Protein chains: 2
Amino acid sequence: MDVEKSISALNNPIRRRILEWLKDRSNFPPALPGHEDLEGVCVAYIQEKAKLSQSTISNYMGLLKQAGFVIAERHGQWTFYRRDEENIQAFLAAVRDELLKP
Amino acid sequence: MDVEKSISALNNPIRRRILEWLKDRSNFPPALPGHEDLEGVCVAYIQEKAKLSQSTISNYMGLLKQAGFVIAERHGQWTFYRRDEENIQAFLAAVRDELLKP
DNA sequence: TCCATAAATCTAAATATCTCGATATTGAAC
DNA sequence: GTTCAATATCGAGATATTTAGATTTATGGA
């Protein structure tokens with residue numbers, strides 16, 4: 001749990017928004033045919049919603065992944081991103097421990 | 001509770017360290033004579049511990065104050081900074097609400 | 001194999017943050 | 001009022017982040 005890297009990843013309103021969107025798969029278009037079982041979302045869908053360039057979103061998702069907030073799963077040409085709930089909770093616990101008085 | 005500003009203020013290891021130091025007044029030299037009743041810490045003490053310039057620390061404390069993490073109280077020539085526990089808890093609650101699934 | 005599509009990486013310009021030294025402000029003491 | 005000490009603010013150079021377009025890589029299909 002690298003708090004430094006995680007806070008840095010959160011220090012951007014669109015990256016935080018993406019994490020919120022990913023709470024609910026229905027914030028995005030339906031899964032591509034043959035991928036209905038995956039809860040992840042492909043980069044193109046995120047890009048469309050965030051209205052930023054493909055390279056920027058790819059970069060953002062890389063930062064969120066390195067911070068441990070999302071898990072990337074490649075299926076064919078697509079990379080599906082989904083939240084890493086466990087790591088998100090671990091981050092919150094770490095920040096709480098660091099910020100709160102004993 | 002401006003999460004944006006707060007995360008930005010936390011996005012620096014030394015500012016986070018200062019918030020930790022401020023948990024315990026005994027991390028700093030004893031209060032100046034006549035100020036024993038104040039739990040706050042003056043800028044010079046923080047500067048000495050952080051080993052950064054006076055202007056940098058003054059700037060940092062301003063950011064932490066604007067973010068709501070500390071309260072500044074001026075007494076004579078000194079500004080005493082102390083943690084704002086209530087706001088810190090409010091920030092943690094806000095981040096938890098934003099990050100955690102419903 | 002060759003082409004099309006999705007995503008990642010590279011490059012670079014614009015902007016923001018960090019950090020300092022210098023200067024200004026504030027308040028105390030003489 | 002003058003001077004001194006503590007803090008705040010200003011200005012600037014160094015560094016980091018943001019973001020896009022161009023290129024590259026990976027994969028699937030004709």
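What you see is a predicted model; the values in this text were computed from it and never measured. Note on naming: letters A, B, ... go to the chains in the order of the sequence lines (proteins, then strands), and numbering restarts at 1 for each one.
Nucleic acid contact class of B:Phe80 (heavy atoms, under 4.0 Å, all strands): none. Using a 4.0 Å heavy-atom criterion, one finds that A:Leu52 contacts the sugar-phosphate atoms exclusively. If you check every strand for non-hydrogen atoms under 4.0 Å, B:Asn11 touches sugar and phosphate atoms only.
For the pair B:His75 NE2 and C:dA28 C1', the computed distance is 15 Å after rounding to whole Å. For the pair B:Phe28 CZ and D:dA6 C1', the computed distance is 16 Å after rounding to whole Å. To the nearest angstrom, C1' of D:dG28 lies 12 Å from CZ of A:Arg74. C:dC18 atom P lies 7 Å from atom CG of B:Leu63, rounded to whole Å. At whole-Å resolution of the value, CD in A:Gln77 and P in D:dT27 are 10 Å apart. Between the C1' atom of D:dA6 and the CD atom of B:Glu48 lies a distance of 14 Å, rounded to the nearest Å. Rounded to a whole Å, the OH atom of A:Tyr45 is 15 Å from the C1' atom of C:dA7. Between the CG atom of B:Asn12 and the P atom of C:dA16 there is a distance of 18 Å, rounded to whole Å.
Side-chain proximity of A:Ser53 to D:dA20, D:dT7, C:dC18: nearest is D:dA20.
Both A:Asn59 and A:Gly76 lie near DNA chain D, and the one whose nearest nucleotide falls closer to the 5' end is A:Asn59. Each of B:Gln54 and A:Ser8 was assigned the nucleotide of DNA chain D with the nearest heavy atom; the assignment lying further toward the 5' end belongs to B:Gln54.
Under the 4.5 Å side-chain criterion, counting only non-hydrogen atoms from C-beta, B:Met61 is not in contact with B:Thr79. With contacts defined as side-chain heavy-atom distances shorter than 4.5 Å, the pair A:Phe91/B:Leu99 qualifies.
Taking side-chain N and O atoms only, B:Ser55 has no distance below 4.0 Å to OP1 or OP2 of D:dT7. Close to C:dA7, at under 4.0 Å from its OP1 or OP2, lies no side-chain N or O of A:Ser58. Applying the 4.0 Å criterion to OP1 and OP2 of C:dC18, one finds that B:Arg15 has a side-chain N or O inside that range. For D:dA6, neither phosphate oxygen OP1 nor OP2 lies less than 4.0 angstrom from any side-chain nitrogen or oxygen of B:Tyr81.
Residues A:Trp78 and A:Cys42 approach most closely at CD1-CB, 4.0 Å, considering heavy atoms.
Heavy-atom neighbours of A:Lys23 NZ from other residues, nucleotides or ligands within 6.0 Å: above the threshold of 12.
Between A:Arg82 and A:Glu39, at least one side-chain N (NZ, or NE/NH1/NH2) sits under 4.0 Å from a carboxylate O, which counts as a salt bridge.
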